[in-house]
Amino acid sequence: MGTPSGPPSLGVLLPTREQAINGAFAGAPLLDFARQAEQLGFDSLWAGDSLIARPRLDPLVVLSAAGAVTSRVTLGTAALTPALRHPLLGAHQVASLDHITGSRLTLGLGSGFPMPETEEEFAAVGASFKGRAGRLDEIVALWRQAWRAKEPGAEPDFAGRYWQAEGLDRLPEPHRPGGPPLWLAGSDTPRVLERVARHYDGWMPFLPSAESYGTAWRRIGELAAAAGRPADAITPALYATITVNEDPAAARAELEHYIAHYYGRTLEQMASVQAYAWGSAEECADALAAYVRSGARHLIIRIGSLTPEPQLKQIADVVLPRVKETSR
């Protein structure tokens with residue numbers, strides 16, 4: 001599968017988790033952030049999802065509000081955990097949000113990060129942590145069937161291994177025929193790459209090296225071609241965390257503080273599995289550009305700071321144009 005042509009898209013994560021860490025839940029600052037990001041030229045806005053593992057405001061509610069105060073940007077989840085909601089409620093909520101946002105919606109979906117806190121979160125809502133990858137794939141299949149259930153000849157009932165549902169044609173269909181694109185938020189394990197190649201519209205990893213990203217993206221291309229999918233069927237995305245400061249020591253210190261509060265772990269621990277960059281805006285841009293050269297075409301930036309707003313304009317002024325120039 002070839003890399004899509006044209007400049008990459010760059011989005012930014014809305015600071016819902018940062019609000020929670022600071023103990024200051026409020027809608028108005030998030031909507032101000034959304035407006036500013038669109039005005040500064042970001043291509044997309046994203047919201048994370050967690051109930052009690054890493055608590056924050058609900059992403060579908062936040063994106064609904066963000067959609068009302070923006071007009072151009074893509075709105076997405078990075079990443080939604082569908083297992084925390086009944087699949088029919090999830091299908092209904094997503095279809096409703098697709099109408100509210102005017103088909104600007106893209107969903108990054110995760111099966112649950114393998115951490116004790118996530119397992120506790122699943123247990124809290126009565127969801128099974130065991131077999132969660134297969135359960136996610138089945139929820140995706142149910143959603144897609146529900147979103148096309150009103151089409152002539154469509155099957156209104158779903159019979160899966162984990163879920164059964166009847167009368168899917170009674171649910172409202174999404175604004176976009178067939179529903180929004182569904183991306184898998186995952187790593188580069190053989191199983192993840194196989195699932196992306198067969199079932200998903202995009203791949204959203206946070207791999208810690210551009211080289212491993214390129215290797216995995218080429219493998220997805222091979223698997224997708226073998227499955228008979230079109231060359232442009234899958235969007236190669238990336239979720240990366242950057243902290244911008246001209247003083248590299250200060251940037252690292254701020255990022256370490258952020259990671260300790262976000263995950264309760266060290267930067268060294270998290271950097272072994274996730275993409276991070278810190279330092280000047282140019283240095284952060286160069287780190288992201290390496291992923292673009294390896295195939296990434298939609299970059300989702302999480303600002304590694306508990307007060308991310310001051311970095312937003314600098315990232316827009318320096319990082320965005322520098323990364324977009326990479327593909328030319």
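We use all heavy atoms of the structure for the numbers below, so side chains are in, but hydrogens, waters and symmetry mates are not. For this chain, numbers begin at 1 and follow the sequence in order.
Side chains of Phe113 and Arg54 form a contact here, defined as non-hydrogen atoms less than 4.5 Å apart. Glu246 has its side chain within reach of Glu282: a pair of non-hydrogen atoms, C-beta onward, lies under 4.5 Å apart. With a 4.5 Å cut-off on side-chain heavy atoms, Glu121 and Ser50 count as touching.
In this structure, Val94 is not a member of the same hydrophobic cluster as Met204, with clusters built from ILVMFWY side-chain heavy atoms closer than 4.5 Å. Cluster membership for Tyr239 and Leu320, using ILVMFWY side-chain heavy atoms within less than 4.5 angstrom, is not shared. Leu13 and Val319 sit in two unconnected hydrophobic clusters of ILVMFWY residues. Membership requires side-chain heavy atoms under 4.5 Å apart, directly or through other members. Leu193 and Leu136 fall within the same hydrophobic cluster, where Ile, Leu, Val, Met, Phe, Trp and Tyr residues are linked whenever their side-chain heavy atoms come under 4.5 Å apart, directly or through other members. Taking hydrophobic clusters as Ile, Leu, Val, Met, Phe, Trp and Tyr residues chained together by side-chain heavy-atom distances below 4.5 Å, Leu57 shares a cluster with Leu97.
Heavy atoms only, all atoms of each residue included: Ala216 and Asp188 are closest at CB-CB, 3.7 Å. Ile303 and Val12 make their closest contact through CD1-CG2, 4.1 Å (heavy atoms, listed as atom of the first residue, atom of the second, distance). The shortest heavy-atom contact between Ala316 and Pro321 is O-CD, 3.2 Å. Pairing each heavy atom of Ala271 with each of Tyr276, the nearest pair is CA-CD1, 3.7 Å. Scanning all heavy atoms of the two residues, the minimum distance from Asp137 to Tyr200 falls at OD1-OH, 2.5 Å. Taking each heavy atom of Gly295 and Pro236 in turn, the nearest pair found is O-CG, 3.1 Å.
Remark: Glu117 pairs with Ala53, Met115, Arg265 by the side chain to side chain contact (heavy atoms under 4.5 Å, CB included) rule, at least two apart or across chains. For Thr189, the side-chain hydrogen bond (donor to acceptor under 3.5 Å, both in side chains) test picks out no residue, with sequence neighbours left out. Applying the side-chain hydrogen bond (donor to acceptor under 3.5 Å, both in side chains) test to Tyr213 and every residue at least two apart in sequence or in another chain returns nothing. Taking the side-chain hydrogen bond (donor to acceptor under 3.5 Å, both in side chains) definition, one finds that Thr241 meets it with Arg302, sequence neighbours left out. A search for salt bridge (charged side-chain N to carboxylate O under 4.0 Å, His left out) contacts involving Glu211 returns nothing, not counting sequence neighbours.
Annotation for Arg198: atom CZ does not count as buried by contact number, only 12 or fewer foreign heavy atoms lying within 6.0 Å. Residue Lys150 places its NZ atom among more than 12 non-hydrogen atoms of other residues, nucleotides or ligands, all under 6.0 Å distant.
In summary, the aromatic rings of Trp46 and His298 are positioned with their centroids under 6.0 Å apart.
Note on residues 153-174: pairs passing ring pair (Phe, Tyr, Trp, His ring centres under 6.0 Å), not counting sequence neighbours, are His86-Trp163.
A donor and an acceptor atom, one from each side chain of Ser305 and Glu254, are located under 3.5 Å apart. For the 3.5 Å distance criterion, the side chains of Ser212 and Thr215 fail to qualify, holding no donor opposite an acceptor. A donor and an acceptor atom, one from each side chain of Ser44 and Arg104, are nowhere located under 3.5 Å apart. For the residue pair Gln269 and Thr266, a side-chain donor N or O sits within less than 3.5 Å of a side-chain acceptor on the partner. Under the 3.5 Å distance criterion, with hydrogens and angles disregarded, no donor-acceptor pair is assigned to the side chains of Gln19 and Thr16. Side-chain atoms of Glu18 and Tyr258 include a donor-acceptor pair closer than 3.5 Å.
Taking 4.0 Å as the cut-off between side-chain N and carboxylate O, Asp286 and Arg322 count as a salt-bridged pair.
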Step by step, would you call Val61 with Gln93 a side-chain contact (heavy atoms from CB on, under 4.5 Å)? CA-CA 9 Å; Val61 174; Gln93 290 173 320; over 6 Å; no
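A side chain to side chain contact (heavy atoms under 4.5 Å, CB included) with Met270 is found for exactly one of Tyr262, Tyr263, Phe206, namely Tyr263.
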